[in-house]
Amino acid sequence: MVETRTVLAGAPDGGEPAKLAVHTIGQGPLAVLIHGFPLDHRMWLDVMHSELNKRRTLCAIDLRGHGQSPWRGDETHTMERLADDVAAVIDSLSTVPVDVCGLSMGGYVAFALHARHRERIRSLVLTNTRAAADTDAQRAARDTSMQTVQTSGRSAVADAMLPKLLGPDASDTQRAQLREMIESVPVASIVADQRGLQQRKDRRPELASITIPTLVIAGDQDVIIPPAEAELMAREIPNAQLHVVTGTGHMSPMENATAWSSAVTTLWT
Ligand code: MLT
């Protein structure tokens with residue numbers, strides 16, 4: 001059964017700590033799962049109920065302002081701030097380095113975690129994510145998206161994102177689950193994410209310094225981060241393997257949790 005608890009992540013300015021809801025299931029060493037934008041831990045539920053929970057204690061985090069973690073009033077969710085929150089979760093649940101897995105925005109957070117808290121990470125799963133920063137066109141598209149959510153609400157964001165998030169074989173249930181997640185995130189938190197995503201660093205120069213075991217996973221139908229880009233990233237990371245989950249789009253762990261989890265067993269032996 002999934003167990004939920006709250007971890008407090010202190011603020012460097014001495015202000016109110018963030019209250020982070022974390023959801024765990026399984027046994028053995030800790031593995032943290034970091035969701036994408038603008039989602040929450042529920043995107044990992046099928047993975048959490050897969051064979052992986054016999055190998056790891058799986059801990060899916062609701063990043064601040066998502067799922068059951070309240071928005072804390074931040075105007076910008078920088079990847080560094082979110083990474084410090086993940087470090088606080090790791091510190092509260094483990095005394096040894098842990099396996100870290102991030103999807104898309106969760107992958108950007110994993111890169112920031114590696115840059116700031118490398119000693120807390122034992123291995124990395126980078127799924128449906130990229131190392132590059134936004135292009136000017138992507139930043140402009142985020143400006144438009146921020147206006148859309150502020151004027152037309154979260155359902156408009158869900159309408160715009162859903163066709164890109166899922167591959168053609170995804171089910172109506174998966175579509176409905178994603179819509180439910182997107183529509184439950186406060187508008188201010190979606191805007192704070194977008195600002196953080198716009199500002200995120202180009203991590204490509206750091207790829208060669210990632211020397212821990214790493215698995216890069218892509219979806220062959222991913223239109224947000226095409227598999228060719230994931231392949232290039234994997235080549236730059238010294239100990240990385242690449243796995244492509246066929247028949248899936250940007251949400252490969254949701255779209256085919258069995259195939260995705262089976263790929264991860266090659267890393268989490
Ligand atoms: C995500 O899935 O987290 C987003 O597609 C990330 C992004 O907008 O760059």
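Computed from a predicted model, the values in this text were never measured in an experiment. Residue indices begin at 1 and follow the sequence shown. Each ligand, and each atom within it, is numbered from 1 in the order the structure gives.
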**Asked** Given the rule in the side chain to side chain contact (heavy atoms under 4.5 Å, CB included) test, do Leu30 and Arg56 qualify, once you have shown the distances and angles that lead to the verdict?
**Response** CA-CA 6 Å; Leu30 191 74; Arg56 292 292 185 277; over 6 Å; no
Less than 3.5 Å between some nitrogen or oxygen of [X] and one of ligand 1, yes or no?
| X | value |
| --- | --- |
| Ile224 | no |
| Phe37 | yes |
| Tyr108 | yes |

**Prompt:** Under 4.0 Å between a Lys/Arg side-chain N and an Asp/Glu carboxylate O for Arg81 and Asp85?
**Reply:** yes
**Asp159/Arg179 salt bridge by N-O under 4.0 Å criterion** = yes
**Request:** Using the ring of Tyr108 (Phe, Tyr or Trp, six-membered ring only), decide whether Arg200 places NZ or CZ under 6.0 Å from its centre and within 45 degrees of its axis.
**Result:** yes
**Complete:** Note: heavy atom closest to atom 2 (O) of ligand 1, options Lys164, Gln198, His250, Arg200, belongs to His250
**Message:** Would you call the rings of His35 and His66 parallel, tilted or perpendicular, taking 30° and 60° as the class edges?
**Reply:** tilted
**Asked** Would you say Arg142 touches ligand 1, if touching means a heavy atom closer than 4.0 Å?
**Response** yes
**Request:** Could you tell me which atoms of ligand 1, counted from 1 in the order shown, lie closer than 4.0 angstrom to a heavy atom of Gly36?
**Result:** 3 (O)
**Element-labelled atoms of ligand 1 that are located less than 4.0 Å from some non-hydrogen atom of Ser104** = 1 (C), 2 (O), 3 (O), 4 (C), 5 (O), 6 (C)
**Worked verdict on Arg64 versus Glu16 for salt bridge (Lys or Arg N to Asp or Glu O under 4.0 Å)** = CA-CA 13 Å; Arg64 58 173 65 201; Glu16 274 287 293; over 6 Å; no
